[in-house]
Amino acid sequence: MAKQSKKENPVPEDVQNEAQEIEEQQAPEAEEAAEPQQPQAGEKNQDQLLAEAADKYLRLAAEYDNYRKRTAKEKDAAWTEAKAQTVAAFLPVFDNLERALKQDTADEAYKKGVEMTMKGLHDALAGLGVEMIPALGETFDPNRHNAVMHVDDPEAGESTIVEVFEQGFICGEKVIRFSMVKVAN
């Protein structure tokens with residue numbers, strides 16, 4: 001009977017097993033070619049993780065940029081505030097020198113010394129970017145001037161400053177001290 005089974009099946013068993021294995025391997029490949037590839041769960045997870053990481057990176061970069069701008073602005077504000085406080089501490093000296101210049105004196109050397117001191121103070125303030133607020137003859141501005149007196153003066157225009165009692169100072173947009181003035185109605 002062994003001879004009969006060999007005749008009925010002319011292909012040896014080893015070759016037949018190999019052929020079946022090849023057909024099984026090719027069958028899934030044929031199915032994959034027929035259907036478009038869909039991402040597997042692991043690949044989908046990786047794409048999602050990559051997108052999340054990119055989003056986190058962009059958000060972190062934006063946060064850092066905002067932090068850098070905010071600290072630069074805070075540093076500038078702190079510098080301006082420190083400068084304003086320092087200048088404010090020297091303003092009584094300025095006022096005293098201004099009063100001394102208005103007094104008559106017979107000693108020319110004394111007068112020249114006070115003038116030189118006042119010029120030095122003006123130069124130091126200008127070097128810091130501090131300017132005097134223009135007042136005399138200007139229109140009253142409540143953001144820069146402090147009206148302590150009103151006077152009826154037909155010659156001066158309405159809301160015109162006719163006298164300055166204390167000079168005001170400004171550093172950039174920050175008012176260090178308001179000008180104390182008399183305003184015409």
Side-chain angles (χ1 to χ4, degrees), residues 25-99 101 116-150 157-185:
Q25 289 174 358
Q26 290 177 352
E29 291 176 7
E31 289 176 7
E32 289 175 2
E35 294 179 20
Q37 281 189 337
Q38 294 180 355
Q40 295 177 359
E43 290 176 12
K44 191 172 186 179
N45 249 354
Q46 288 176 349
D47 289 342
Q48 187 179 11
L49 290 175
L50 182 62
E52 287 175 4
D55 184 54
K56 284 181 183 178
Y57 171 75
L58 290 175
R59 289 180 186 274
L60 182 64
E63 284 180 27
Y64 175 72
D65 190 44
N66 290 340
Y67 167 77
R68 187 179 49 79
K69 289 176 184 176
R70 184 177 59 249
T71 54
K73 194 181 292 184
E74 288 172 356
K75 179 182 173 187
D76 188 44
W79 169 248
T80 302
E81 185 62 31
K83 191 171 21 173
Q85 288 178 0
T86 303
V87 169
F90 283 99
L91 291 182
V93 175
F94 178 87
D95 295 336
N96 289 335
L97 287 172
E98 199 171 48
R99 287 185 201 103
L101 285 173
M116 289 174 61
T117 305
M118 184 62 134
K119 184 180 179 339
L121 186 56
H122 272 287
D123 293 344
L125 292 174
L128 291 172
V130 177
E131 300 172 1
M132 291 195 309
I133 297 173
L136 191 59
E138 299 285 324
T139 303
F140 176 73
D141 180 3
N143 296 320
R144 295 174 173 232
H145 306 116
N146 182 14
V148 294
M149 290 181 71
H150 291 277
E158 190 170 330
S159 295
T160 302
I161 297 171
V162 293
E163 188 176 349
V164 178
F165 298 115
E166 195 173 69
Q167 185 61 50
F169 291 90
I170 192 167
C171 180
E173 293 295 316
K174 180 166 180 55
V175 175
I176 298 172
R177 180 172 78 180
F178 291 89
S179 296
M180 212 180 307
V181 296
K182 182 193 295 186
V183 181
N185 289 336

### Query
Between Asn96 and Arg99, does a side chain to side chain contact (heavy atoms under 4.5 Å, CB included) hold up when you go through it step by step?
CA-CA 5 Å; Asn96 289 335; Arg99 287 185 201 103; 2.8 Å; yes
### Message
Under the criterion side chain to side chain contact (heavy atoms under 4.5 Å, CB included), I'd like the reasoning laid out for Thr86 against Leu128: C-alpha separation, chi angles, the key distance, then a yes or no.
### Response
CA-CA 10 Å; Thr86 303; Leu128 291 172; 5.8 Å; no
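Using a distance-only test at 3.5 Å, with no hydrogens or angles considered, a donor-acceptor pair links the side chain of Gln167 to the main chain of Ile133. Judged by distance alone, the side chain of Lys174 and the main-chain N or O of Ala84 form no donor-acceptor pair under 3.5 Å. Looking only at distances, no side-chain donor or acceptor of Arg144 sits under 3.5 Å from a matching main-chain atom of Val175.
The structure places CZ of Arg177 at 4.0 Å from CG of Asp95, a figure rounded to the nearest 0.5 Å. The line from CD of Glu163 to CG of Leu136 is 8.5 Å long, rounded to the nearest 0.5 Å. The CG atom of Leu121 sits 11.5 Å away from atom NZ of Lys119, with the distance rounded to the nearest 0.5 Å. Separating the CD atom in Glu63 from the NZ atom in Lys56 is a distance of 12.0 Å, to the nearest 0.5 Å.
When side chains are defined from C-beta on, Glu166 does not count as touching Phe178, because their heavy atoms never get closer than 4.5 Å. Side-chain contact check for Val164 versus Met132: every heavy-atom pair is 4.5 Å or farther apart. In this structure the side chain of Glu98 never reaches within 4.5 angstrom of the side chain of Leu101, judged on heavy atoms.
Using a 4.0 Å cut-off between a side-chain N of Lys or Arg and a carboxylate O of Asp or Glu, Lys73 and Asp76 do not qualify as a salt bridge.
Between Ser179 and Gly168 the shortest heavy-atom distance is OG-N, 3.0 Å. Residues Thr160 and Gly137 come closest through the heavy atom pair CG2-O, 3.8 Å. Summarising the geometry of His145 relative to Pro134, their closest heavy-atom pair is NE2-O, 3.1 Å, with the distance given to 0.1 Å. Summarising the geometry of Leu97 relative to Thr117, their closest heavy-atom pair is CD1-CG2, 3.7 Å, with the distance given to 0.1 Å.
For CD of Glu52, the number of neighbouring non-hydrogen atoms (other residues, nucleotides, ligands) closer than 6.0 Å is greater than 12. A 6.0 Å sphere centred on CZ of Phe90 holds no more than 12 heavy atoms belonging to other residues, nucleotides or ligands.
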